[in-house]
Amino acid sequence: MIKTRIAPSPTGNLHIGTTRTALFNYLYAKNQQGKFVIRIEDTDIARSTKESEQDIIEGLEWLGLIPDEGVSLRGELGDLGPYRQSQRADTYRPYLEQLLATGDAYWCNLTDSELEELKTKAEQEQRQFVLRSPYREQKQEPTPQSVIRFKVPDTKVIFEDKIKGKIEFDTSLLGDFVIAKNLDYPLYNFVVVVDDELMEITHIIRGDDHIANTPKQILINKALGFKNKQFAHLPLILAPDKSKMSKRFGATSIKEYREQGYLPEAMINFLALLGWNEGNDREYYTLGEIIAKFSLKRVQKSGAIFNIQKLDSINSHYIKQLSQEKQLEFGREYLVKNGFDINQWTANQLNQIIKLEIQRIKKFSDIGRELDFLWQQPEYNPEILAYKAMNNPQIIASLEWSQKLLYNIKDNDLENIEQLIKTAIQEDSQQMGEILWPLRVALSGKEKSPSPFEIIAILGKDESIRRLQSAISLISLDK
Ligand code: GLU
């Protein structure tokens, strides 16, 4: 059975890069009825925090990347745990002892100054420094300063990367690297190999910033007599200018996207297309649809460019797809967050406002920005009230015509307001533009806004009449 894993280090909030790696692991496993594991790599005690772990797990589960095994919001799942490295210290020790016994690893007593001397010597001889410690052939008692190094054999490491193809690595360039500070303090490259074996991971899919670790892990894996693993290295996420993705180009933590009102469906859709496509330019996929279509063969080899406009457009698509109930719920929540007093409206008015907003916003935190005029009549330059070459008396006449019409309608006519106004314009032989433009601007104070009908339906008769009156006064003052 296929088994993949994401192995985040809880040293910060869930990062967008880690999330995409988690997603591709999840997709690959689920596409083949396999399992997806979340393992927490918290061996760096000084930098790991419980808050980060919580943020990572919450973020992944919010996106729907629920593990079959490992650390979850419902506690640890699966029989091969514990799934936090900090709780596995006893697990690693016998494997370290095994490598020391077979001679694949050794205690190295090299001091820092001796190490420096070797480096200087290599420099003087103009050759690349590759550590082969003088202690590698000796079995000796460790001192408090000794570390455990892997005895790198003279060989070629060759593996078939499922994204990048065949990768060859000559170990003559690889120094004997430290795998543990002591028997109770193993380091990353070693613990990963042991955990991946014991947790029965078959495929290791991760960012290509880890590619230099892979030969080391393959060597350790072999020395321990473990099963071969398959590797796939994902291209990094790059900023639009092809530099490393950073805050300058968009938020880097999932938490920020969530707070800004991006939807999990949109994030998943967007992240999947960050490096993968089906071979066409289809834009929208649900998680289930991506699972069905996903393959590593269609993951691109070069960097994936992060494009916030694309995320925004995907998100606005999913906002419109939400149930009306959810739209209203999120709409209210974010209006309040943005400082709007939602109690100034009846429930019906508020629902209509949110419906208008849903057609426009890219993310919920945008709510209220463009349609702020609904809440409070803005100040504006009366010149924008003119349709084409209308002069002030004509504008006033137009506004008074609309005002009169509004006086005579009943509250329950508001639903058919568009029909009502258009019919009246025709019957009275008025010009559409000359009535509707000044009317709309008087209501919104903006050159661009939703139609006057939508605005009147929300503001109601009295407030609409009041705004028309204030436009008329504005023009009169302007004279
Ligand atoms: N803990 C590593 C990281 O967060 C993951 C290493 C791996 O996937 O092998 O980058």
Side-chain angles (χ1 to χ4, degrees), residues 2-29 35-57 59-60 65 67 69-71 80 82-89 91-92 95 150 157 159 161-164 167 169 177 179-180 185-221 224 226-237 244-245 252-254 275 296 299:
I2 301 277
K3 213 169 175 192
T4 64
R5 53 41 166 204
I6 184 75
S9 307
T11 54
N13 286 343
L14 178 60
H15 191 272
I16 187 151
T18 311
T19 312
R20 195 206 35 169
T21 304
L23 172 62
F24 282 28
N25 275 284
Y26 180 88
L27 293 171
Y28 188 73
K35 286 189 171 170
F36 169 67
V37 179
I38 299 183
R39 174 173 76 227
I40 297 292
E41 302 209 324
D42 55 354
T43 39
D44 185 345
I45 306 156
R47 292 175 59 225
S48 298
T49 68
K50 273 283 157 206
E51 293 73 44
S52 299
E53 182 189 303
Q54 184 70 13
D55 182 82
I56 290 168
I57 303 303
L60 291 173
L65 306 181
E69 276 179 34
V71 180
L80 303 174
Y83 293 89
R84 287 181 186 84
Q85 286 181 338
S86 59
Q87 292 162 4
R88 295 173 63 78
T91 308
Y92 305 122
Y95 294 99
F150 187 75
V157 178
F159 65 97
D161 188 283
K162 289 184 96 62
I163 294 168
K164 298 194 184 273
I167 294 183
F169 192 90
F177 52 95
I179 55 172
Y185 198 157
L187 298 180
Y188 163 69
N189 277 306
F190 182 80
V191 290
V192 163
V193 172
V194 174
D195 286 345
D196 285 339
E197 174 75 8
L198 298 184
M199 294 174 188
E200 299 170 358
I201 302 300
T202 59
H203 289 70
I204 295 169
I205 304 170
R206 58 187 175 193
D208 66 10
D209 49 335
H210 276 291
I211 213 156
N213 288 321
T214 303
K216 297 181 188 171
Q217 293 173 13
I218 290 176
L219 290 170
I220 297 172
N221 194 72
L224 286 169
F226 290 165
K227 289 187 283 299
N228 283 341
K229 316 288 186 290
Q230 301 288 312
F231 289 90
H233 290 92
L234 300 170
L236 289 187
I237 300 177
K244 193 167 173 258
M245 177 61 193
T252 49
S253 79
I254 291 298
L296 288 173
V299 174

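For this chain, numbers begin at 1 and follow the sequence in order. Whatever order the structure lists them in is the order used to number ligands and atoms, beginning at 1.
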Check ligand 1 against the protein and report each N/O to N/O distance under 3.5 Å, formatted as atom name, atom name, distance.
residue  : atom   : partner : partner atom : Å
ligand 1 : 1 (N)  : A7      : O            : 2.8
ligand 1 : 1 (N)  : S9      : OG           : 3.0
ligand 1 : 1 (N)  : E41     : OE1          : 2.5
ligand 1 : 4 (O)  : S9      : OG           : 3.4
ligand 1 : 8 (O)  : R5      : NH1          : 2.6
ligand 1 : 9 (O)  : R5      : NH1          : 3.4
ligand 1 : 9 (O)  : R5      : NH2          : 2.9
ligand 1 : 9 (O)  : Y188    : OH           : 2.9
ligand 1 : 9 (O)  : R206    : NH1          : 2.7
ligand 1 : 10 (O) : H210    : NE2          : 2.9

Quiz prompt | With D55 via salt bridge (charged side-chain N to carboxylate O under 4.0 Å, His left out) - residues at least two apart | solution = K255
Self-check item: Ion pair check, R5 and E69, cut-off under 4.0 Å
Solution: no
Quiz prompt | Pair E200 + K227: basic N to acidic O under 4.0 Å | solution = no
Quiz item: Under 3.5 Å, side chain of K35 to main-chain N/O of T4, donor-acceptor pair present?
Solution: no
Exercise. Taking side chain to side chain donor-acceptor pair (under 3.5 Å) as the test, write out the residues that go with H15, two or more places apart.
Key: none
Quiz prompt | Counterpart residues, salt bridge (charged side-chain N to carboxylate O under 4.0 Å, His left out), relative to D209 (two or more places apart) | solution = none
